[in-house]
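The chain is numbered in sequence order, starting from 1. A quick note: this is a predicted structure, and the numbers were derived from the prediction, not measured.
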Amino acid sequence: MPTEHSSTTAFRHIRECSDMYDVLEQIRLRPGMWLPGGSLQHLHSLLIGYGAALAVHAPCEPFAFWPETDFTDWLHEHYGTDSSLTWAAEIERRTPAGSTPLDEFFRLLDAFKDDPARRPTPDDVRARRPDIPYMSGTFVTLFWRRELLDQATQRLEGRGFRVVRIAASGWRTAQDMHQGLATALQFPSSYGRNLAALNDCLGDVALSGTYDDSPAGAGLVLSFTGYDRFDAACPEVAHSVLDIIAVLARRAAVGRRRFFALVQSDDPDIRFERVGAMPVLWNGDEWLDSLRR
């Protein structure tokens, strides 16, 4: 069901979507993959879930659907009626012969979006929420090119994030890692220098630290460089560190705090098992193997 709004939209991985409208464009392209039977009620439920996720993670992303009523109010104005029905039920009730409720939804969505005041551009969203690409599909994101890592950290710092830069290339033992993290994150002198102690002390920093007490502070980012060398020397410990970060990042998100890691590797083929029950993924600019060659 292509329209002039979607004719140039390409299939993308969901983690490359910057906001709700990007996700809706992917649904428009492949409705059968997202919505059983092409049901508009299933889309309604999906967007309720999306809105609930926004409430948990507390981003500033504009959201025009339930519980917000922007789209519903616009729809009633468009139809010239006042109704207590949901937008999905209203569209289903008014779908003309020869069309489907889902087709009508996307036609109406395009008309809704044509008002430029109703939606910021994708660049505006990315500029306001530079953390979205690093918290959507995973809390630990891989980088190969240092310049891309530098650009990411600069964007994050520009939005008030505290970025702690950690050189992991010189770590050859677990004790090297413990010393490096203890110094970088100012762990107390009582730090036990084992993984359980790392979980406790890093948890204190991530979950209750003072990094976002000021209005300008948006969250905490650990930026590792040369992590592949530590992984080569201590693979099990290197994975465990990322696993601890991912678990704590999810706990922080539930508490409406932002915490995640950017991990640079000089090995473009490095792979990690899942961390925090989530995959370690390459950043969007280097997601394809061919982009790291």
Side-chain angles (χ1 to χ4, degrees), residues 1-36 38-78 85-92 100-139 141 155 159 218-219 250 253-254 256 258 260 278 281 284 287:
M1 58 185 77
T3 73
E4 60 179 306
H5 291 75
S6 63
S7 59
T8 60
T9 301
F11 296 137
R12 290 190 290 166
H13 193 287
I14 190 171
R15 67 182 295 271
E16 296 182 87
C17 297
S18 63
D19 63 8
M20 167 194 67
Y21 293 100
D22 275 357
V23 174
L24 285 171
E25 285 306 312
Q26 293 304 302
I27 295 173
R28 187 204 299 259
L29 288 171
R30 292 185 285 190
M33 186 181 81
W34 293 83
L35 308 172
S39 166
L40 191 60
Q41 291 297 334
H42 278 100
L43 179 60
H44 185 265
S45 298
L46 185 152
L47 289 175
I48 289 176
Y50 191 104
L54 291 185
V56 170
H57 293 281
C60 303
E61 179 186 326
F63 188 69
F65 299 88
W66 181 94
E68 288 75 10
T69 60
D70 293 357
F71 182 72
T72 302
D73 291 344
W74 176 88
L75 190 67
H76 290 160
E77 182 179 342
H78 176 78
L85 294 176
T86 66
W87 57 263
E90 189 71 41
I91 292 172
E92 286 181 333
T100 69
L102 196 60
D103 286 330
E104 282 301 292
F105 167 78
F106 282 112
R107 182 185 67 79
L108 291 163
L109 180 67
D110 289 339
F112 173 73
K113 288 162 53 181
D114 276 340
D115 181 351
R118 294 187 179 275
R119 181 197 177 196
T121 67
D123 286 342
D124 290 337
V125 174
R126 293 186 183 98
R128 186 177 61 251
R129 286 298 310 278
D131 55 312
I132 287 177
Y134 313 119
M135 296 182 67
S136 299
T138 178
F139 292 107
T141 303
R155 284 194 300 269
R159 297 301 300 177
R250 186 168 59 227
V254 172
R256 300 191 173 189
R258 300 171 192 166
F260 53 93
M278 299 179 70
L281 300 173
W287 190 52

Open item on the list: Please enumerate all residues that pass ring-ring contact (aromatic ring centres under 6.0 Å, His included) together with H78, with sequence neighbours excluded.
Closed with: W74

- [ ] Flag the pair L24 / Y50 as yes when at least one side-chain heavy-atom distance between them is below 4.5 Å, and no otherwise.
- [x] no

Task: Min side-chain heavy-atom separation W87-L40 under 4.5 Å - done: yes

Task: Backbone N/O of A89 and side chain of T86: donor-acceptor pair under 3.5 Å - done: yes

From [atom1] ([X]) to [atom2] ([Y]), nearest 0.5 Å:
{"X": "L102", "Y": "I27", "atom1": "CG", "atom2": "CD1", "result": "8.5 Å"}
{"X": "E25", "Y": "F106", "atom1": "CD", "atom2": "CZ", "result": "7.0 Å"}
{"X": "D70", "Y": "L75", "atom1": "CG", "atom2": "CG", "result": "12.5 Å"}
{"X": "L85", "Y": "I91", "atom1": "CG", "atom2": "CD1", "result": "11.0 Å"}
{"X": "M20", "Y": "L46", "atom1": "CE", "atom2": "CG", "result": "11.5 Å"}
{"X": "W34", "Y": "R28", "atom1": "CH2", "atom2": "CZ", "result": "14.0 Å"}

TODO: Classify the angle between the aromatic ring planes of F112 and F71 as parallel (below 30°), tilted (30 to 60°) or perpendicular (above 60°).
DONE: perpendicular

- [ ] For I48, check side-chain contact (heavy atoms from CB on, under 4.5 Å) against everything at least two apart and list the hits.
- [x] H44, W66

Task: Residues that S39 engages under side-chain hydrogen bond (donor to acceptor under 3.5 Å, both in side chains), provided they are two or more places apart - done: H42

TODO: List for me each residue that meets side-chain hydrogen bond (donor to acceptor under 3.5 Å, both in side chains) alongside Q41, sequence neighbours excluded, and say none if there are none.
DONE: E92

